[in-house]
Each structure stands twice: as structure tokens, then as C-alpha cells.
Amino acid sequence: MGRSPTTAPAQAPFDAAITGVGMVTAAGVGVERSWERIRAGAGTAATDVPALAGIPADFACAVTDFDPSGLIERKQMWRLDRSSQLALVAAHEAVTDSGLDRDSWDATRVGVVLGNGIGGAATWEKQHKVLLERGARKVSPLLVPMLSPNMCAGYVSMMFGARGPSLVTATACASGTTAVGTARELLRSGACDVVITGGTEAPLVPSLITGFGQMRALADRRDDLSATSRPFDADRDGFVPAEGAAVLVLERAEDARARGATIRAMVSGYGASADAFHATAPDPDGGGAELAVRAALRDAGVGPGEVDHVNAHGTATVLNDATEARMIRRVLGERPAVTSVKGVVGHSLAAAGAIEAVVTALSLQEGHIPPTANLESLDPELELDMVFKAGRDLRAEVAVSNSFGFGGQNAVLLFTRA
Amino acid sequence: MEDIYQRLLELLTSTFGLDPESIEPTSTLSALELDSLALVELSVAAQEEFDVPLEDSDLGPESTVGQAAELISGKLATV
């Protein structure tokens with residue numbers, strides 16, 4: 001991979017090797033099933049989601065056929081909100097995939113960094129109802145440990161006996177990306193030898209999804225969900241909410257090579273920034289997002305003209321996709337092949353960036369970019385080389401994955417082929 | 001009394017995912033790995049199931065399942 005001399009990195013380049021991946025999405029439980037459906041560009045949005053019964057926006061990309069009882073002891077299950085259950089299943093898959101285990105690492109140097117936004121939303125809603133309808137004495141003592149957003153990382157640490165730093169990052173829809181970037185820093189600083197990182201979210205509860213609906217952020221095609229959401233389409237009209245989790249195992253590249261691990265891709269750069277503009281609307285110039293992309297390029301020592309592929313934030317809201325497309329074209333030019341997986345798996349908020357990190361790593365490893373599902377007619381104002389209708393074989397060397405959160409919080413990862 | 005014990009057994013298995021085979025009348029709640037939060041959860045669930053008032057002090061880690069059934073049975077008799 002070329003390191004452009006004109007973009008001197010702030011520090012020496014640092015590659016974190018992705019040696020394990022795990023994924024639980026509406027496209028399937030497990031990396032293989034999820035990736036197959038993402039490659040096929042087959043959407044997962046459905047109406048009449050039981051968890052959302054009774055509200056107008058009762059559609060989502062929900063994880064079905066999810067049975068964690070094989071991995072999580074039944075006597076532990078009642079203590080775990082769904083957000084933690086999703087994280088544990090993805091983490092177990094990722095650690096198994098890495099070939100690491102408790103006997104092969106120094107537990108005090110194994111960290112856990114997960115993105116989470118909402119915490120135990122279902123637990124909070126349920127217990128609030130108990131309080132109002134049946135009184136304080138009927139409220140579960142598990143309410144606090146089940147709803148706290150940091151607990152997903154705490155439980156992953158417990159599952160593996162990992163005693164290094166354990167934390168959750170919260171940058172709304174960028175949380176998963178922020179987590180992976182932060183995990184890489186823990187390796188670079190020498191604080192950890194292994195970091196289990198990613199994101200999880202289980203936000204499909206009536207109050208929260210109604211809130212997104214009232215923001216007019218959700219797709220409005222209840223009768224045409226098979227073609228929704230549609231990132232970068234001229235007729236895009238909002239996102240479809242989703243749940244899910246994805247986890248990656250990161251190690252220093254030299255450590256991974258020394259033990260002969262299969263490296264799916266490298267995380268070679270990370271950049272973060274703030275719009276400092278508005279609570280929910282993106283800076284219309286994309287200036288904040290641009291700062292994060294440029295920081296990731298600088299961190300990796302890669303020039304903007306070297307980026308082959310962008311895994312876009314691509315939520316399918318009118319504002320995000322327009323702003324993001326302009327920013328990509330301005331900063332990276334017309335070269336990168338751009339895709340968004342949110343047409344298939346919806347928008348899982350804090351998990352989204354982690355899911356997209358796994359997808360970007362697989363795209364580099366396999367030399368294949370999955371299509372943007374449901375994109376029929378590209379918005380002519382966007383002028384991007386979108387991958388749509390079918391996936392594209394592309395031996396990309398450098399890929400960028402964007403995530404932009406409410407609060408104007410932006411996070412960008414730069415991946416390179418292993 | 002037998003009926004109360006069976007219902008309590010069912011409550012322990014459904015609420016906490018315990019294996020019914022692992023529960024004896026002489027099993028203490030701590031031996032069933034119910035920690036302090038689980039004891040409160042059990043108290044909440046038992047009050048709901050049997051419609052009797054229970055105090056925090058009624059069910060401790062060293063209470064056995066048999067004692068708990070007797071306690072609930074006694075409270076039901078006085079309700």
C-alpha cells in the first residue's frame with residue numbers, strides 16, 4: 001500500500017489487524033449468513049414487528065431466529081437485556097474466529113470497547129410500565145444493571161475473563177466506529193494486546209421508535225417495505241430502524257503475524273470530529289465529516305486519491321445522503337466505489353458502524369463490494385460511483401467507512417488490505 | 001403445602017432458568033447461585049405469584065426452598 005509523502009502522519013503509521021469477526025443482524029445470525037444476504041442485496045425491512053405493535057412506525061429490520069441459549073447459560077439470561085445478548089453472541093463468534101482463547105492471552109491485557117447508544121431500552125420501558133401500573137415494590141432489582149449502556153461491554157469482559165480496560169463509547173450513530181477507533185488506540189498506546197470491539201443496539205421499543213418517527217427521520221413507505229430503505233436514491237425518504245451487533249478482534253499486526261493468525265484486513269487509520277453545528281441536522285457543507293475523513297487519511301498516511309472504496313454512512317435520509325455525497329466527491333474525488341449496507345440491514349444506530357466495519361473488512365478480504373440495496377435511480381445530484389443493483393468485484397487496497405452521529409459527532413475508519 | 005412448593009419450583013425455573021433437577025427442598029438459595037439481586041427478584045416474583053406480602057428479611061441466602069414454601073404457606077393461611 002502506498003503511503004503518500006505529502007500527507008505526513010501525526011504519528012508513525014499503525015496497523016491493527018482484524019483477526020476475528022462476529023455479526024448478528026437482521027440479515028442473519030452469524031457472519032456467514034449476514035454477509036451472504038448483504039452480498040445479495042436482499043433487504044430485511046418488515047412490518048408488524050411484534051415489539052412495535054400499536055405504533056404507526058411498526059416496521060424495522062429485526063433480528064429473527066435469535067436463540068442465544070446455546071452460548072449464554074439459562075441462569076444468566078434473565079439478567080441480560082437484549083442489547084447485551086446480541087453483543088455476547090457476536091463477541092463469541094468473533095473470538096472463536098480469531099483462534100484466541102483464555103489460555104492464549106494475558107487476560108489483564110485484553111480490552112473490550114463497544115459502542116452503544118440506548119442501553120436496555122426494552123428493560124426500561126417494561127419496568128416503567130410495572131412502576132406505573134403495579135407499584136414500586138414490583139419493579140425488578142435488575143432494572144439498573146440491565147438498562148445501563150455500559151453493561152454490554154461489562155458482560156463481554158465477564159464472558160471471556162478479559163480484565164483490561166472495558167468501556168462503551170456513545171457517539172449516537174457513530175458509536176460503533178468510535179469504538180473500533182478507540183480500540184486501535186489501546187493497541188497503539190501499548191495498553192492492550194488484544195481488544196474485543198464493535199457495537200450493539202436493541203432499540204426496537206415503541207417510545208424510542210415513535211421518537212424517531214416524530215423527527216420525520218424514518219422511511220414512510222410502510223406499504224412498500226421490500227424496497228426500503230433506499231440509500232442515495234432520488235426517492236429516498238428516511239431510514240428503517242434496526243437492531244444488531246457486530247464485534248471485531250483487533251491485535252497489533254506484528255502479533256497477529258507472529259502467531260500465524262488469518263488477518264481479514266487492517267484498521268490503518270481513524271479520524272473523529274464534531275460539526276459543532278446542530279443537534280440532529282448535518283452541517284450542510286459536510287465540513288465536520290470532512291475533518292474526520294481527512295484526519296483518518298492523515299493518521300494512515302494515505303492520500304485522498306488512493307481511496308478505492310467508501311462504505312458510506314448512507315442512512316437514506318434526504319439530508320445525510322446529500323451532504324455525505326458532496327463531501328465524498330469533494331475530498332476523495334470520483335474514484336471510490338461507494339456502497340451503503342443500510343438498504344439491507346437498516347440503521348442499527350450504535351451497532352451500524354461496527355457492522356459496516358466487518359462488512360468493509362470482508363469486502364477487502366474477498367475483493368468484492370456488496371451492492372446498495374433498493375437503489376433504483378441514483379439521485380443525479382449525487383454524482384458518485386455507487387455500487388448498486390449488483391455487487392462489484394474490486395480488489396480494493398484502501399477503504400474508508402463513514403459514520404455520523406446525532407450531536408454532529410463524526411467518526412471515520414480507514415482500512416487497508418492485509 | 002406441596003402445591004406451594006411445586007409452584008415455587010416452577011417460579012425458580014421460569015424466572016431464573018434453573019434446572020428443576022438441581023433443586024431440592026433442602027437447597028439453600030445461595031447454593032442455587034441466587035445473589036442479593038436475585039433474592040429481591042424472587043421476592044417480587046413470589047409476591048406476584050402467591051399474592052402475599054414478603055419483607056426483604058423473609059428470604060435470605062441461607063433460606064432453603066422448603067423453608068421459603070413454608071413461609072409463603074404460613075402467610076397465605078393468615079391472609
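Only a predicted model underlies this, so the values are computations on that prediction, with no experimental measurement involved. Throughout, a chain's letter reflects where its sequence line sits, starting with A, and its residues are numbered from 1.
In this structure, chain A has heavy atoms under 4.5 Å from both the backbone and the side chain of B:A38. For chain A, no part of B:L12 is nearby; none of its heavy atoms comes within less than 4.5 Å.
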Could you work out all donor-acceptor pairs shorter than 3.5 Å where one atom is in chain B and the other in chain A?
from, atom 1, to, atom 2, distance (Å)
B:E33, OE2, A:K75, NZ, 2.9
B:D35, OD1, A:R79, NH2, 2.6
B:D35, OD2, A:R79, NH1, 3.3
B:D35, OD2, A:R79, NH2, 2.7
B:E41, OE1, A:S140, OG, 2.5
B:E48, OE1, A:R134, NH2, 3.2
B:E48, OE1, A:K138, NZ, 3.1
B:E48, OE2, A:R134, NE, 3.3
B:E48, OE2, A:R134, NH2, 2.7
B:L54, O, A:R137, NH2, 2.9

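Minimum heavy-atom separation, B:L37 to A:P145: CD1-CG, 4.2 Å.
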